[in-house]
Amino acid sequence: MTQQVIHPMAKLQRQVRSLVDSKLLRPTDSIWKIAFLYGDDWSFWKQELLAYDFTMQDPVSDLLAVESWDEEE
């Protein structure tokens, strides 16, 4: 049995979706608002988001809209 490893960005996306579902974030909020919730881990996630060409002003809905985080394109 092989276990599929979940891409770190997919984990972040799932966590952010949960925050939106629980009304802690709105889809129209800017990505930078996530920083308040991630504290010390934010610098890592910010670099990951920037590597995928997100800006901190992009709406959370842009992050949630990504269907695949595969780096092979």
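These numbers come from the heavy atoms of this one structure, side chains and all, not from hydrogens, waters or symmetry mates.
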Fill in: From H7 atom NE2 to S68 atom OG, the distance as rounded to the nearest 0.5 Å
8.5 Å
Worksheet item: When rounded to the nearest 0.5 angstrom, what distance separates CD1 in I34 from NZ in K46?
Response: 12.5 Å
Worksheet item: Has the side chain of E48 got a donor or acceptor atom that lies under 3.5 Å from a matching backbone atom of M9?
Response: no
Worksheet item: Any idea how W69 and F54 line up, ring-wise: parallel (<30°), tilted (30 to 60°), or perpendicular (>60°)?
Response: tilted
Worksheet item: So, D58 and T55: side-chain donor and acceptor under 3.5 Å apart, yes or no?
Response: yes
Discussion item. Measuring from atom CG of D53 to atom CG of D62, what distance do you get when rounded to the nearest 0.5 angstrom?
Written reply: 12.0 Å
Worksheet item: Rounded to the nearest 0.5 Å, how far does OH of Y38 lie from CG of L19?
Response: 6.0 Å
Worksheet item: If you measure from CH2 on W45 to CG on L37, what distance do you get to the nearest 0.5 Å?
Response: 13.5 Å
Worksheet item: At their closest point, which heavy atom of P59 faces which heavy atom of P27, and how far apart are they?
Response: CB-O, 3.6 Å
Discussion item. Within this structure, what is the CG-CD1 distance for the pair L50 and I31, rounded to the nearest 0.5 Å?
Written reply: 9.0 Å
Worksheet item: If you take all heavy atoms of V66 and Q13, which pair is closest and at what distance?
Response: O-NE2, 2.8 Å
Discussion item. Has Q57 got a side-chain atom pairing as donor or acceptor with S30's backbone, closer than 3.5 angstrom?
Written reply: no
Worksheet item: Of all residues at least two apart in sequence or in a different chain, which pass the ring pair (Phe, Tyr, Trp, His ring centres under 6.0 Å) check with W42?
Response: none
Item to complete: Look at the side chain of R17 and the backbone N and O of L64, then say whether any donor-acceptor pair between them is shorter than 3.5 Å.
Response: yes
Worksheet item: Is any side-chain heavy atom of L25 less than 4.5 Å from a side-chain heavy atom of K33?
Response: yes
